[in-house]
Amino acid sequence: MSLEKTLKGHIMSAIDALYGQKPDEKLINFQKTRKEIAGDLTLVTFPLLKISKKNPQQTAEEIGAYLQEKIEDISGFNVIKGFLNLEISDSYWLSFMKENALKHNFAYKAKKIHSHPVLIEYSSPNTNKPLHLGHIRNNLLGYSVARILEAAGHNVIKTNLINDRGIHICKSMLAWLRWGKGETPESSGMKGDHLIGKYYVLFDKKYKEEIAALIAEGKTEDEAKNEAPLIVEAREMLRKWEAKDPKVIALWEKLNSWTYEGFDITYKRLGVSFDMVQYESQTYLGGKSLVEKGLEKGVLFRKEDGSVWADLTDEGLDEKLLLRSDGTSVYMTQDLGTATERFEKMQPEKMIYVVGNEQNYHFDVLKRVLKKLGMDWADIIYHLSYGMVELPHGKMKSREGTVVDADDLMDEMYATARKTGEELGKMENHESEEAQKLYEMVSMAALKYFILKVDPKKKMMFIPEESIDFNGNTGPFIQYTYARIQSLKRKSGIDLMQAEIKNPGQLLAKEKEILKQVYELPEILESAASGFSPALLANYSYELAKGFNQFYQEVPINKEEDENKRAFRLLLAHFAGNSLRSAMNLLGIEMPEKM
RNA sequence: GGUCGCGUAGCUCAGGGGAUAGAGCAACGGCCUUCUAAGCCGUCGGUCGAAGGUUCGAAUCCUUCCGCGAUCGCCA
């Protein structure tokens, strides 16, 4: 039970006692007391004036006096311009610390055993090219949100729906057949996904040449794009694939397996994982029957050419195609099918799709069409939409051309971490396994933290050098703070598990500040879970790390002569460190014991 | 053009009805014989895109306008 909730009840009865009226609970709102003002929690009295019929100052004084008298944990109060600043007793903070400081993840909630699962789909790559910067944001977000929901007690299922079929993969296959000379990941030394990507790019290059040639012969651009021999051949390949031509299928399986090997390496390095993987080749036919039922019910309609549509014009949208004139399904149809199947199989309480904001319209339509088809549950679908990741102009060219490759980016982050480490002389042997592990941990923290601290829905600028700075609001800074806390504990010679910590006397302002910050973590976690927002936890972690650094600068720990005080502060440091680790782990960031 | 989103310090971002709008970076100036200086402190920097409205109170909510982006495919 949080203090705020308890206080709310007391304030209700205070007002009832003082003014003879129970206020609406919404009128009671708290905020954190500003740092420069005495007090821990502030009640805003303005909304209560209608009931008290007194001025803000008086109202606040009266409520404050009442609370101080009735509640043990309120040790004092002051009033400034209608804001009632309540001071919470040291003993409250101390018992909070004693109860929680040694718990491993004090803010995490136990899993609700019989709850419906939360399904979260993320990553969802195409198999024709490697992962790029946009996928990094997608994967980090998806994984982090999954962890946050888990920590908040949900039963989470992470899924990856791989787009392993379609014209795009046929392009890579065709180019590999024609120009690949049997090249494999082993023979080329390339990561499988990069190898396939290379042929995709090659296809595109040759295709463009053909288009240019056709246009030179007098064709229009549309004609050229349609008639170029390569695209004709790719379409033929797709047709054969759909007809399950054994040779095409075998080739497709071989090339896709290379891609998966490559993806696995990237996922592992990013630290993300899935509970299930689905393949579009197995789901793409779904959804058709739904559309046919919709036609029977008359909620969908067929045009003269045979194509099937949903009419959303009365909802302010346009008409949306669901089946092509040749009867084949489109993306939307597949998604209708997949969503319905998932719902029926797993009965999730929520289905989260981590997909870029260029598909906002798609998901809007998806939900509307589902509802049209009578799926009243459609509102459990939540599109976790995120903005594009941009890079400072001119930086970081990718191996394959236009987009920034995920693996290249991670390599570059590692190199920067190592270079910084070398310059600072932090490690004696930069080749040692320990050093390499640390550089990897630091560079991944830099990348993850920088991306996750930004509100997902906003587009963002990823600045590699800034992300890996050891000062400021960065992952490495927080790791550094954590490592120092661990070092303090190691050097103290005190076993916190065994130590008996007596009352340290009056709390210093800095000590109380840390406790207040740690106290907030469960609440932050809850908001992060309900808003699907890792950013809250990221920015919280930074505040806490910064708070600790200030504390550390001013308050002696291992230098303190009083043994009991030293143990107390060490426990406080431990508590802060644990909270940091808990919060950062939810972002998928590991914390080093030493650095 | 329709729809959706965004616009806060030179740059990157917090804050999303409440007190004097916050951080970091950059710039400048302090603090290492002292627990990790990959740190800490200070200075400088703002008509919160603009105008109206609602409110005791608006960066925050509403309306209009401006700017930027996404989207409006028988692609996924």
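As the structure is a prediction and not an experimental result, all values here were calculated from the model. Below, each value reflects all heavy atoms present in this structure, side chains not excepted, and no hydrogens, waters or symmetry copies. Here is how names work: the chains are called A, B, and so on, in the same order as the sequence lines, proteins then strands, and each is numbered from 1.
Side-chain to base pairing of S124(A) with A76(B): no donor and acceptor N or O lie closer than 3.5 Å to each other.
A19(B) has F83(A) stacked on its base ring, the centres lying under 5.5 angstrom apart and the planes within 30 degrees of parallel.
Base pairing of C56(B) is made with G18(B), judged by Watson-Crick or G-U wobble geometry with both donor-acceptor distances under 3.5 Å. Both distances falling under 3.5 Å, in either a Watson-Crick or a G-U wobble arrangement, place C4(B) opposite G69(B). Pairing for U34(B) is absent, judged as Watson-Crick or G-U wobble with the two contacts each under 3.5 Å. Look at A27(B): its Watson-Crick or wobble partner, with both distances under 3.5 angstrom, is U43(B).
Taking 4.0 angstrom as the limit, K81(A) places a side-chain polar atom (N or O) nearer than this to OP1 or OP2 of U20(B). A close approach under 4.0 Å does occur between a side-chain nitrogen or oxygen of Q550(A) and OP1 or OP2 of C41(B). Taking 4.0 angstrom as the limit, R569(A) places none of its side-chain polar atoms (N or O) nearer than this to OP1 or OP2 of C35(B). OP1 and OP2 of C40(B) both lie 4.0 Å or more from every side-chain N or O belonging to K546(A). Dashed line: the shortest gap from a side-chain N or O of S487(A) to OP1 or OP2 of U36(B) is under 4.0 Å. For A14(B), the OP1/OP2 oxygens have a side-chain nitrogen or oxygen of K458(A) closer than 4.0 Å. For R324(A) and G73(B), the shortest distance from a side-chain N or O to OP1 or OP2 is not below 4.0 Å. Between R490(A) and U36(B), a side-chain N or O to OP1/OP2 separation shorter than 4.0 Å is absent.
One atom, OH of Y542(A), and another, P of A14(B), lie 14 Å apart when rounded to the nearest Å. A straight line from NZ of K320(A) to C1' of U71(B) spans 10 Å, rounded to a whole angstrom. Protein atom CG of D455(A) is 7 Å distant from nucleotide atom P of G15(B), rounded to whole Å. The separation between I463(A) atom CD1 and G10(B) atom P is 16 Å, rounded to whole Å.
Heavy atoms of V330(A) sit under 4.0 angstrom from primed sugar atoms or phosphate atoms, though from no base atom. Using a 4.0 Å heavy-atom criterion, one finds that L317(A) contacts no nucleic acid atom at all. Within the 4.0 angstrom heavy-atom criterion, base atoms lie near P47(A). As judged by a 4.0 angstrom heavy-atom cut-off over every strand, E280(A) is placed among residues touching the sugar-phosphate backbone only. F477(A) comes within 4.0 angstrom of the backbone, heavy atoms only, and of no base. Among the atoms of the strands shown, none is found under 4.0 Å from any heavy atom of M388(A). Residue contacts for V555(A): at a heavy-atom cut-off of 4.0 Å it reaches a base atom on one of the strands shown. Within 4.0 Å of S385(A), counting heavy atoms only, lies no atom of the nucleic acid at all. Residue K491(A) is in sugar-phosphate contact alone, with no base atom involved, counting any heavy-atom pair closer than 4.0 Å across all strands shown. Within the 4.0 angstrom heavy-atom criterion, base atoms lie near N85(A). Residue K457(A) is in sugar-phosphate contact alone, with no base atom involved, counting any heavy-atom pair closer than 4.0 Å across all strands shown.
Glycosidic conformation of C68(B): anti, with the torsion beyond 90° of 0.
Set against C13(B), G22(B), A76(B), the side chain of R34(A) has G22(B) as its closest nucleotide.
Heavy-atom nearest nucleotides on RNA chain B were determined for G166(A) and for A417(A), and the one closer to the 5' end corresponds to A417(A).
Using a 4.0 Å cut-off between a side-chain N of Lys or Arg and a carboxylate O of Asp or Glu, R239(A) and E236(A) qualify as a salt bridge.
Aromatic pair W252(A)/Y279(A): ring centres not closer than 6.0 Å.
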